[in-house]
Amino acid sequence: MIPWVQLDSAKTPDGAQELRLKRRGSEFSIMLGTNELMNSRLSGSEEALAKLSCQRIAGHRRPRVLIGGLGMGFTLRAALAELGNDASIVVAELVPAVVAWARGPMTEIFGGCLDDPRVIIHGTDVGQLIQSGPAAWDAILLDVDNGPKGIVHKSNDALYSLQGLGAARAALKPGGVLAVWSQGPDSGFTRRLKQAGFAVEEVNTRANGKRGARHVIWIATNGSRT
């Protein structure tokens with residue numbers, strides 16, 4: 001068995017916890033304490049987050065997509081594959097080391113997607129970009145925690161609150177989509193999405209194709225296009 005080797009570490013934005021990048025052969029893992037946040041072999045549900053969202057805005061001209069969290073780039077790469085050349089994607093990533101890992105040890109995994117002219121990386125809170133202006137985005141994809149119940153950064157609580165969901169809806173164009181990845185179901189979050197005025201679809205998916213852990217993706221649509 002090839003042992004895990006720690007390549008680097010970085011503090012979370014609040015300074016209270018530590019992210020660790022580990023490698024075993026060609027496999028990568030990002031850990032928070034003893035919890036694995038993501039693994040390079042398990043990309044299915046993050047890819048589904050992008051595919052389900054982009055398919056629902058397929059008819060939008062010059063779509064603008066906001067992704068909260070870079071991670072290992074699974075969602076970003078899947079979105080690039082779905083969207084045309086007229087699209088633009090902004091990725092909000094608060095931890096500079098995660099971007100450095102993408103351009104360094106995990107370069108092969110990212111496959112040059114950070115250099116795609118459609119991509120802009122912002123080292124800021126996704127919540128700030130959501131509140132930067134009304135009707136700015138065709139889709140907002142959130143994969144910044146383990147879901148509404150699995151908060152990694154306490155400051156992200158506001159994203160999943162009724163007020164935060166209202167801000168997300170205001171930031172979407174008519175017919176826009178808010179998509180949220182979660183480690184598991186949360187009936188309270190589904191209820192808040194509906195209270196915020198979204199039409200909600202809850203999709204169950206797997207971490208690795210037809211295998212692996214069961215994850216949940218909420219596809220919340222902001223009315224119909226006019």
S.K.: In the structure I gave you, are the side-chain heavy atoms of Met1 and Arg24 within less than 4.5 Å of one another anywhere?
M.R.: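 Yes, side chains in contact.
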S.K.: Walk me through whether Asn222 and Arg169 qualify under side-chain hydrogen bond (donor to acceptor under 3.5 Å, both in side chains).
M.R.: CA-CA 6 Å; Asn222 181 26; Arg169 186 170 180 231; 2.8 Å; yes
S.K.: Do Ile219 and Val200 come close enough that some side-chain heavy atom pair is under 4.5 Å?
M.R.: no
S.K.: Keeping Arg77 on the side-chain end and Ala79 on the backbone end, is there a donor-acceptor pair under 3.5 Å?
M.R.: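 No, the answer is negative, given that no donor and acceptor are paired below the 3.5 Å cut-off.
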S.K.: Any side-chain heavy-atom pair from Val180 and Ile217 closer than 4.5 angstrom?
M.R.: no
S.K.: Can you see which heavy atom on Gln17 is nearest to which on Asp14, and at what distance?
M.R.: N-OD1, 4.0 Å
S.K.: Once you round to the nearest 0.5 Å, how far does CD1 of Ile130 lie from CG of Leu159?
M.R.: 5.5 Å
S.K.: Check this for me: does any side-chain nitrogen of one of Lys51 and Glu82 sit under 4.0 Å from a carboxylate oxygen of the other?
M.R.: no
S.K.: With a 4.5 Å limit on heavy-atom distance, are the side chains of Ile140 and Leu129 in contact?
M.R.: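 Contact flag for Ile140/Leu129 side chains = no.
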S.K.: Please check this pair: side chain of Ser182 against backbone of Gly184, looking for a donor-acceptor N/O pair closer than 3.5 Å.
M.R.: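 Here the side-chain-to-backbone pair exists.
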S.K.: Within this structure, what is the CD1-CE distance for the pair Ile30 and Met106, rounded to the nearest 0.5 Å?
M.R.: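 Reported value, rounded in 0.5 Å steps: 4.5 Å.
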S.K.: To check you understand the geometry: which heavy-atom pair defines the closest contact between Gly166 and Ala196, and what is its length?
M.R.: N-CB, 4.3 Å
S.K.: How far does OG of Ser53 sit from CG of Leu83, to the nearest 0.5 angstrom?
M.R.: 9.5 Å
S.K.: I want to check something: taking the side chain as every heavy atom from C-beta on, are Ile67 and Asp143 in contact at a cut-off of under 4.5 Å?
M.R.: no
S.K.: How far does OG of Ser45 sit from CZ of Phe74, to the nearest 0.5 angstrom?
M.R.: 9.5 Å
S.K.: Linking I/L/V/M/F/W/Y whenever any side-chain heavy atoms sit under 4.5 Å apart, do Leu162 and Phe198 land together?
M.R.: no
S.K.: Under 6.0 Å from the NZ atom of Lys11, do we count more than 12 heavy atoms belonging to anything else shown?
M.R.: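 It does: Lys11 NZ has more than 12 such atoms within range.
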S.K.: Grouping I, L, V, M, F, W and Y whenever their side-chain heavy atoms are under 4.5 Å apart, do Val5 and Leu19 come out in a common cluster?
M.R.: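 Yes, same cluster.
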S.K.: What closest approach, in Å, do Cys113 and Val119 show between heavy atoms, and which atom pair accounts for it?
M.R.: O-CG2, 3.6 Å
S.K.: Taking the side chain from Arg23 and the backbone from Leu7, do they hold a donor-acceptor pair closer than 3.5 Å?
M.R.: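 Answer holds: no.
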S.K.: Please lay out, stage by stage, how Leu76 and Leu114 fare under the test side chain to side chain contact (heavy atoms under 4.5 Å, CB included).
M.R.: CA-CA 9 Å; Leu76 173 59; Leu114 296 187; 3.8 Å; yes
S.K.: Among Lys22, Gln6, Arg20, Glu36, exactly one meets side chain to side chain donor-acceptor pair (under 3.5 Å) together with Ser29. Which residue is that?
M.R.: Glu36
S.K.: Donor-acceptor pairs are to be reported for all side-chain atoms of residues 84-96 against protein atoms at under 3.5 Å, with residues two or more places apart or in another chain.
M.R.:
| from | atom 1 | to | atom 2 | distance (Å) |
| --- | --- | --- | --- | --- |
| Asp86 | OD2 | Arg62 | N | 3.0 |
| Glu93 | OE1 | Leu70 | N | 2.9 |
| Glu93 | OE2 | Val95 | N | 3.0 |

S.K.: Identify, with sequence neighbours excluded, every residue that meets side chain to side chain contact (heavy atoms under 4.5 Å, CB included) alongside Gln163.
M.R.: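 Checked Gln163 against side chain to side chain contact (heavy atoms under 4.5 Å, CB included); matches are Ser161.
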S.K.: For the residue pair Ile109 and Met72, what are the closest heavy atoms and their distance?
M.R.: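 Looking at all heavy atoms of both residues, the shortest contact is CG2-O, 3.9 Å.
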S.K.: How many angstroms lie between atom OG1 of Thr107 and atom CH2 of Trp101, to the nearest 0.5 angstrom?
M.R.: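 Thr107 atom OG1 to Trp101 atom CH2 measures 13.5 Å (nearest 0.5 Å).
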S.K.: Using every non-hydrogen atom in the two residues, find where Val98 and Gly71 come nearest and quote the distance to one decimal.
M.R.: CG1-O, 3.8 Å
S.K.: Could you tell me the separation between the CG atom of Leu37 and the CG atom of Asn35, rounded to the nearest 0.5 Å?
M.R.: 7.0 Å
S.K.: Please evaluate residues Val177 and Ile57 with respect to the criterion side chain to side chain contact (heavy atoms under 4.5 Å, CB included), reporting the C-alpha separation (whole Å), side-chain torsions for both, the decisive distance (0.1 Å), and the verdict.
M.R.: CA-CA 8 Å; Val177 170; Ile57 61 168; 4.2 Å; yes
S.K.: Judged by atom type as modelled, is there a donor-acceptor pair below 3.5 Å linking the side chain of Thr75 to the main-chain atoms of Glu46?
M.R.: yes
S.K.: Under 4.5 Å between any side-chain heavy atoms of Leu142 and Leu178, yes or no?
M.R.: yes
S.K.: Partners of Phe28 by ring pair (Phe, Tyr, Trp, His ring centres under 6.0 Å), sequence neighbours excluded?
M.R.: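 Phe28 satisfies ring pair (Phe, Tyr, Trp, His ring centres under 6.0 Å) with no other residue.
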S.K.: Under 4.5 Å between any side-chain heavy atoms of Leu141 and Leu66, yes or no?
M.R.: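 Contact flag for Leu141/Leu66 side chains = no.
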S.K.: May I ask you to decide if Ala136's main-chain N or O and Arg64's side chain share a donor-acceptor pair within less than 3.5 Å?
M.R.: yes
S.K.: Below 4.5 Å, heavy atoms only, C-beta onward: do Leu32 and Thr12 meet side chain to side chain?
M.R.: yes
S.K.: Under 3.5 Å, is there a donor-acceptor pair linking the side chains of Thr190 and Trp218?
M.R.: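 Short answer, yes.
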S.K.: Taking all heavy atoms of Gln131 and all of Ala167, pick out the closest pair and write down the distance.
M.R.: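 Shortest heavy-atom contact: CG-CB, 4.3 Å.
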S.K.: When you measure from the side chain of Arg103 to the backbone of Val99, do you find a donor-acceptor pair of N or O atoms at a distance under 3.5 Å?
M.R.: no
